[in-house]
Amino acid sequence: MKERIIALMEEVFQVPEGMVTENTTMDDLEEWDSLAHVMLIGELEEQLGIEIDLDEAAEITTVREILEKAGAI
Amino acid sequence: MSLTKIAVLSNVNMNFVIRLLKKEYEVYESEGYGNELGVLMNPQSSYHGFGPQVTFLLMDLMEVVEHQLVVADGATVAIDRWFTMLESCLKPEGIYYVSDAYLWGPEIPVLSDPGRKQALEAVWQKRLQDLCSHHTNVYILPYRHMVEQMGEENAFSLKTWYLGKILHTNEAQKRLSALICEKVEVQGRTAKKVLLLDLDNTLWGGLAGEADHTPIVLSEDHSGLAYKNLQRVILQMQKQGVILGIVSKNNEEDAMEILRSHPHQVLRPECFAVYRINWQPKHENIVDIAQELNLGLDSFVFWDDNPTERELVSSMLPQVTVPDFPDKPEELAPAMAKIYRKFFEKAAVTKEDLDKTKQYADNARRNQLQARVENFEEYLKQLAIVVTKEDPAANIVRLVQLVNKTNQFNLTTKRFDQAQMQEVLEDQHRKVFLYRVEDCFGDNGIVAAGIVECKEKRGDAGKEAVKEAFIEELVMSCRVMGKNIEYAIVEDMENALQAEGCQLVKACFLPTAKNKPVETLYEKLGYTVIEKRRDGSKIYEIDLAKRPERVYYVTMR
């Protein structure tokens, strides 16, 4: 699941494979802006069935947090 | 014309749609959302600085009416205000798509009277349709249909709405982006005109002519219904102006028997403007049809289940479009709908479009008559052509279409959009002429127009003032060319000018890549060249009192 989530993030941010890792944060990646963030929350739900609570979704800033919420680590 | 610059304006967050569209086009970067009328109205706005060719207004009705769900009060007022403001900032050179209505919001499921949702949507719909009928450059973006196809649950997301005023799910936004691309394509390309169809295993299953042993598959169930539904799609296309033809290898009598009398046949013989049911190679038949209909091969789409036939036609006639054929019967009707949208869909459909099959079928019969009658004059007499004057103001949409779409019989190729044409009609010094042409085979519709500017020229000392006119526009559809109808039309215009005291008429020919057929029209009418320029353009004049006799066989009404 971890790999699928990371691959999905790379797709949403439109960055090359390998750009997103477990340690990536919103500050590291120019493409991870607030709009891309909302798209990501939507894609996680629509593509992988991962639901993140609204308030938590707005607070998340790191890949690690997403993986935790998704129960992937 | 290829369109590359677009704008998407909305009252909800459309940034993701814009981001997707940027892969295809230059897209206006809106500053936020909800100020769609503001950017349109302000001539200094970045929107006008960007200068999009096509502008999409994707509106969420709930935000427009601000959750006031009472039709009589707030909602109607808000919708009226929105459209009135939009109308005031439309530019004649722009192309606009406005979304139709789908009312969605958290309170909709508890409306005790569900009809109110429809009533509110209908208010929007009515205003939108009115807007489109008054402005030929405004079109409807079928947003509603997209939501219906996806279903509310898949199209809208409260979560992304709360997170960033993004109303739609990612999937819906991807579809919106695809819908916008489709419309930009439709605006940028020239629509095809004729759909040529095979019969066996294309319009029905199985083979005609072996009916006693293997009846063809066309019925109310199973794959028979798939073929019937395919025919329903094609019939609707025909009603919207697509010309149909048959190119099929069968015995003509066997095929016609099915077309005429099979109980489940939807497309009857009169739906087809032309057919070649024989054993000739199909590409030869298609060339033949192109001549008969007087259309270029690039106007044709050919559809056949047999890959060998498709391959042969596309290699022999690369200008003809040959789409793929689906493997499964249930894919037939959707595949045809896709062909329609991809190749035939027009930005706007006029009344003339709706009668096209008949006009082209009539034309094909005219050409057959011409082949039979040896003497051209005899042929013209037999046609019994009647030309009727039409009111230009009442037919402005057709007038604008004629002036802008006619390339061959067009003396000056001067284009007018609807707003400019409105000015011409209101100009006291200009006269606009519009003509309908009928003959013994049928009505060709409104096919010719002229615009004349009248001037009073002060005479030299001691002489009287001279009234003269200048023909600034003269166009005629190529469907009615070659029958001397233009002589009757120019003469009618001249007579009208003479009746108003005009003595001298001037005219000009400006050459283009396409208007060679009318290069010497005015010479044939007895006009004198008074100036010839290096680019091939010519200025003419004629003294109305000294016109030669012109030969034509037309009754003017």
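Reminder, nothing fancy here: chain letters follow the sequence lines and each chain counts from 1. All values reported here derive from a predicted model rather than from experimental measurement.
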**Q** So what's closer than 4.5 Å to chain A heavy atoms on B:S157: side chain, backbone, both or neither?
**A**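 Answer is neither: B:S157 stays 4.5 Å or more from chain A.
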**Q** I need the single residue from A:L54, A:D55, A:V38 that forms a side chain to side chain contact (heavy atoms under 4.5 Å, CB included) with B:Y162. Which is it?
**A**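 For B:Y162, the side chain to side chain contact (heavy atoms under 4.5 Å, CB included) test succeeds with only one of A:L54, A:D55, A:V38, which is A:L54.
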**Q** With no hydrogens and no angle check, is any side-chain donor or acceptor of A:E43 less than 3.5 Å from a backbone partner on B:N170?
**A**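 Side chain of A:E43 to backbone of B:N170: no pair is present.
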**Q** For atom NZ of B:K342, decide whether the heavy atoms of other residues, nucleotides or ligands shown that lie under 6.0 angstrom number more than 12.
**A**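 Open.
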**Q** Would you compute the distance between atom CG of B:L163 and atom CD1 of A:I41 and round it to the nearest 0.5 angstrom?
**A**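 Going from CG on B:L163 over to CD1 on A:I41, the span is 6.5 Å.
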**Q** Looking at A:Q14, A:H37, A:M39, which one has more heavy-atom pairs under 4.5 Å with chain B than the rest?
**A**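 Of A:Q14, A:H37, A:M39, A:M39 has the most heavy-atom pairs under 4.5 Å with chain B.
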**Q** Take a 6.0 Å sphere around CD of A:E30 and say whether it holds more than 12 heavy atoms from other residues, nucleotides or ligands.
**A**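 Atom CD in A:E30 is not packed in, count stays at 12 or less.
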**Q** Tell me, side chain or backbone of B:K165 under 4.5 Å from chain A's heavy atoms, or both, or neither?
**A**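 Neither; nothing under 4.5 Å.
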**Q** Can you establish whether the number of heavy atoms outside B:K174 located under 6.0 Å from its atom NZ is more than 12?
**A**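 Yes - once you tally the heavy atoms of other residues, nucleotides and ligands closer than 6.0 Å, there are more than 12.
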**Q** How about A:L35 and B:I166: do any of their side-chain heavy atoms sit closer than 4.5 Å?
**A**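 They are in side-chain contact.
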**Q** Within the side chain of B:K159, is there an N or O that forms a donor-acceptor pair under 3.5 Å with the backbone of A:I52?
**A**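 Yes, the answer is positive, given that a donor and an acceptor are paired below the 3.5 Å cut-off.
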